[in-house]
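Just below is one structure, and these are the notes that go with it.
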Number of protein chains: 2
Amino acid sequence: MKPDALRGHLDALLLATLDGRQLHGYAIIEALQQVSGGALDLPTGTVYPALRRLERAGHVISDWSTVGGRKRRTYRLTQAGQKALHAERSAWREFTTVIDGVLGGGGKWAQT
Amino acid sequence: MKPDALRGHLDALLLATLDGRQLHGYAIIEALQQVSGGALDLPTGTVYPALRRLERAGHVISDWSTVGGRKRRTYRLTQAGQKALHAERSAWREFTTVIDGVLGGGGKWAQT
DNA sequence: GGCCTACATATAGCGTCTCTACCTATGAGC
DNA sequence: GCTCATAGGTAGAGACGCTATATGTAGGCC
């Protein structure tokens, strides 16, 4: 899959992954790999900056915790993040509807 | 709709719009507005460079024609463009499948 | 003990792509 | 003649994800 295709949809993926649970960055990457069957293999250099962006935007908050002597920054959604996720889902549905309409069923254009 | 969301899918839209017919740039914009019900309103500064990119890539070719004294550069798909369109459609299907899987049915994660 | 790998977070620089904002040119209508 | 709609085009900017790299700990292996 083209990496660029994610552009503009990464936030939605991260928010959705954090929906109803809290994870640290590394775990988010693994979770996305799982649910996508390996199709999504986001590099850390993509995820960590994105999470900080989301935190700056107030969509997630993070807590430091030490597990097994290893520091982890655990993220979870805020109220605003929940709303944002909702909005992202709507936007995604609208987006796919529009693009599907253009790409069509592989059909030519009915010159109505 | 967020404009950036198109990123990486613009080529697919343009190729699909040219599938089975030839249009000039301005007409492509209008065609996309029509099929999307107004949701897609691409600025010329987006479309013209994209078409040139597609032409450089060999996916479309253009002919100058003069209609009513006005010059028009009419684009149409090449064989490679047809193949590219096919590939774009497949990529789109795969892409939506993956993202849909992550965004889920609005469902929480089954803590299995 | 020393070394390497896996885990975990983070930053810098790069390249690409779309958008905004402009510019040019013609024909038609006023 | 002037303005508007049509039509094509370019320049510059900004955003964003990727690649590459750096840091530090825990645990296994030799």
Side-chain angles (χ1 to χ4, degrees), chain A residues 1-15 17 22-34 39-57 59-75 88 91 95 98-99, chain B residues 1-15 17 22-34 39-57 59-75 88 91 95 98-99:
Chain A
M1 155 155 39
K2 286 187 300 190
D4 308 321
L6 282 183
R7 218 162 249 266
H9 306 288
L10 178 61
D11 291 5
L13 293 181
L14 296 179
L15 292 175
T17 306
Q22 36 186 325
L23 296 172
H24 57 281
Y26 207 84
I28 292 177
I29 295 174
E30 292 177 327
L32 282 172
Q33 279 182 348
Q34 274 189 20
L40 285 174
D41 187 17
L42 303 182
T44 63
T46 293
V47 172
Y48 288 117
L51 286 172
R52 310 196 99 223
R53 216 172 39 238
L54 288 175
E55 189 165 23
R56 266 203 308 276
H59 293 165
V60 301
I61 46 177
S62 62
D63 295 303
W64 279 102
S65 58
T66 307
V67 178
R70 223 177 277 136
K71 277 186 167 181
R72 287 173 169 180
R73 178 176 256 177
T74 306
Y75 291 90
E88 291 280 5
F95 178 68
V98 169
I99 307 296
Chain B
M1 158 156 37
K2 286 186 299 189
D4 308 319
L6 283 182
R7 216 160 251 267
H9 307 289
L10 179 60
D11 291 6
L13 294 181
L14 296 179
L15 293 175
T17 305
Q22 36 186 325
L23 296 172
H24 56 282
Y26 208 84
I28 292 177
I29 295 173
E30 291 178 329
L32 282 173
Q33 281 182 345
Q34 273 187 21
L40 285 173
D41 187 17
L42 303 181
T44 63
T46 293
V47 172
Y48 289 121
L51 285 172
R52 310 194 99 223
R53 213 173 42 240
L54 288 174
E55 188 165 24
R56 267 203 308 275
H59 293 165
V60 302
I61 46 178
S62 61
D63 297 304
W64 280 102
S65 57
T66 307
V67 179
R70 222 177 280 137
K71 277 186 166 180
R72 288 172 169 181
R73 178 175 256 176
T74 306
Y75 291 91
E88 292 279 5
F95 178 67
V98 169
I99 306 296

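Each chain gets a letter, A, B and so on, in the order its sequence line appears, and its residues count up from 1.
- Between B/I29 atom CD1 and D/dG8 atom C1' the separation is 10 Å, expressed in whole Å.
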Completion exercise
Its contact letters, B for base, S for sugar-phosphate only and - for none at protein heavy atoms under 4.0 Å, make nucleotides 21-30 of chain C read B----BS---
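- In this structure, B/R73 does not reach the D/dG8 phosphate: none of its side-chain N or O atoms is under 4.0 Å from OP1 or OP2.
- Here the CZ atom belonging to A/R73 is positioned 5.5 Å from the CD atom belonging to A/E55, to the nearest 0.5 angstrom.
- Atom CD1 in B/I28 sits 11.0 Å away from atom CD in B/Q22 (nearest 0.5 Å).
- For A/E30, the side-chain hydrogen bond (donor to acceptor under 3.5 Å, both in side chains) test picks out no residue, with sequence neighbours left out.
- Distances shown here put every side-chain N or O of A/R52 at or beyond 4.0 Å from the OP1 or OP2 atom of C/dT9.
- Nearest nucleotide to the side chain of A/Y48, out of C/dC19, C/dT11, D/dG9: C/dT11.
- If you take OG1 on B/T17 and CG on B/L32, they are separated by 3.5 Å, rounding to the nearest 0.5 Å.
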Just the atom pairs and distances: protein N or O near nucleotides 12-16 of chain D's N or O, under 3.5 Å.
unit_1: D/dG14; atom_1: N2; unit_2: B/R7; atom_2: NH2; d: 3.2
unit_1: D/dC16; atom_1: O4'; unit_2: A/R7; atom_2: NH1; d: 3.1
unit_1: D/dC16; atom_1: O2; unit_2: A/R7; atom_2: NH1; d: 2.9
unit_1: D/dC16; atom_1: O2; unit_2: A/R7; atom_2: NH2; d: 2.5

Exercise for the section: Evaluate side chain to side chain contact (heavy atoms under 4.5 Å, CB included) for B/L6 paired with A/I99, printing each intermediate quantity in order. Expected result: CA-CA 9 Å; B/L6 283 182; A/I99 307 296; 4.1 Å; yes
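- Remark: B/R72 CZ to B/Y26 OH distance equals 11.0 Å, nearest 0.5 Å.
- Between A/Y75 and the choices A/V60, A/D63, A/L23, the side-chain contact (heavy atoms from CB on, under 4.5 Å) rule is met once, by A/V60.
- Between the NE2 atom of B/H9 and the P atom of C/dC19 there is a distance of 13 Å, given to the nearest Å.
- The distance between atom CG of A/L42 and atom P of C/dT9, rounded to the nearest whole Å, is 15 Å.
- Between B/Y75 and A/D41, the residue anchored closer to the 5' end of DNA chain D is B/Y75, taking for each the nucleotide with the nearest heavy atom.
- If you measure from atom CG of A/L6 to atom P of C/dC17, you get 15 Å, rounded to the nearest angstrom.
- Nearest-nucleotide assignment on DNA chain C puts the 5′-proximal partner with A/K71, out of A/K71 and A/P49.
- If you measure from atom CZ of A/R72 to atom C1' of C/dA10, you get 17 Å, rounded to the nearest angstrom.
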Practice task
Please report the C-alpha distance between B/L42 and B/L10 in whole Å, then the side-chain angles of each, then the deciding distance to 0.1 Å, and finally whether the side chain to side chain contact (heavy atoms under 4.5 Å, CB included) criterion is met.
Solution key: CA-CA 10 Å; B/L42 303 181; B/L10 179 60; 3.7 Å; yes
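- With C/dA8, D/dA7, C/dC19 as the candidates, the nucleotide lying closest to the side chain of A/H24 is C/dA8.
- Residue B/P43 has its side chain nearest to C/dT20 when only D/dT6, C/dT9, C/dT20 are considered.
- Taking atom CD of residue A/Q33 and atom C1' of nucleotide C/dA8, one finds them 14 Å apart after rounding to whole Å.
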Exercise for the section: With side chain to side chain contact (heavy atoms under 4.5 Å, CB included) as the test, would you mind laying out the steps for B/T46 and B/I29 before giving the verdict? Expected result: CA-CA 10 Å; B/T46 293; B/I29 295 173; over 6 Å; no
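- Of the inter-residue distances, the one linking A/L14 atom CG with A/H59 atom NE2 reads 12.0 Å to the nearest 0.5 angstrom.
- The CD1-P distance, from A/I28 to C/dC7, rounds to 16 Å in whole Å.
- Rounded to an integer number of Å, the gap from B/R56 CZ to D/dG9 P is 13 Å.
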